[in-house]
Amino acid sequence: MNSELIVEAIRQSLGDARVSVSGEGCRFELEVVSSAFEGLPPVRRQQRVYACLAPFIESGDLHAVSMKTFTPDQVSETKNT
């Protein structure tokens with residue numbers, strides 16, 4: 001699995017997303033920052049990302065994903081502390 005395909009799939013659905021990907025093969029770690037996460041609890045944020053990746057998971061190209069999801073404001077707050 002190519003990490004660029006993961007980034008592209010997420011950005012197609014979550015237009016303003018900033019995506020960091022690490023890993024290889026079929027196991028990846030993601031950090032996704034998007035304004036689409038505003039007002040959503042962590043589980044709903046992850047569900048949004050999993051929906052973007054569903055074709056890769058269903059095909060078996062992507063087996064294991066761990067992720068952290070943030071809104072842009074949460075990232076700003078972290079940098080300011």
Side-chain angles (χ1 to χ4, degrees):
M1 178 90 221
N2 180 327
S3 63
E4 285 302 313
L5 292 174
I6 294 171
V7 172
E8 183 180 322
I10 294 170
R11 286 188 180 152
Q12 283 180 357
S13 181
L14 306 174
D16 72 335
R18 293 191 315 253
V19 185
S20 299
V21 180
S22 61
E24 60 186 3
C26 60
R27 298 171 187 258
F28 290 90
E29 295 179 7
L30 310 175
E31 182 174 295
V32 183
V33 179
S34 175
S35 61
F37 298 147
E38 295 287 344
L40 296 178
V43 170
R44 291 289 299 141
R45 294 175 184 191
Q46 290 182 355
Q47 289 172 337
R48 294 278 313 262
V49 176
Y50 277 121
C52 302
L53 304 176
F56 303 125
I57 294 169
E58 291 168 5
S59 71
D61 290 335
L62 185 57
H63 176 70
V65 179
S66 63
M67 70 182 81
K68 295 179 182 176
T69 58
F70 303 98
T71 65
D73 288 343
Q74 288 174 314
V75 172
S76 295
E77 290 172 9
T78 302
K79 289 181 180 179
N80 291 332
T81 54

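Ile6 places a side-chain heavy atom less than 4.5 Å from the side chain of Met1. Taking the side chain as every heavy atom from C-beta outward, Phe28 and Ser3 approach each other to under 4.5 Å. The side-chain heavy atoms of Leu53 and Leu30, taken from C-beta on, include a pair separated by under 4.5 Å. Inter-residue side-chain proximity for Pro72 and Glu38 is flagged as met; some heavy-atom pair is nearer than 4.5 Å. Side-chain contact check for Met67 versus Glu29: every heavy-atom pair is 4.5 Å or farther apart. Arg27 is listed as a side-chain neighbour of His63, based on a closest heavy-atom distance under 4.5 Å.
In this structure, Ser66 OG and Gln46 CD are separated by 9.5 Å, a value rounded to the nearest 0.5 Å. Of the inter-residue distances, the one linking Arg45 atom CZ with Tyr50 atom OH reads 15.0 Å to the nearest 0.5 angstrom.
Tracing side-chain contacts under 4.5 Å through hydrophobic residues (I, L, V, M, F, W, Y), one never reaches Val75 starting from Leu40; they form parts of separate clusters. The hydrophobic cluster containing Val65 also contains Leu14, counting ILVMFWY residues as joined when their side-chain heavy atoms lie under 4.5 angstrom apart, directly or transitively. Linking Ile, Leu, Val, Met, Phe, Trp and Tyr residues whenever their side-chain heavy atoms come within less than 4.5 Å leaves Phe70 and Val19 in two separate clusters.
Counting only distance, with no hydrogens or angles, the side chain of Ser59 and the backbone of Phe56 share a donor-acceptor pair below 3.5 Å. Remark: the backbone N or O of Ser35 is paired with a side-chain donor or acceptor of Asp16 at under 3.5 angstrom. Looking at Arg48, its side chain never comes within 3.5 Å of a backbone N or O of Phe37 through a donor-acceptor pair.
Between the side chains of Thr71 and Asp73, no donor-acceptor pair is found at a separation under 3.5 Å.
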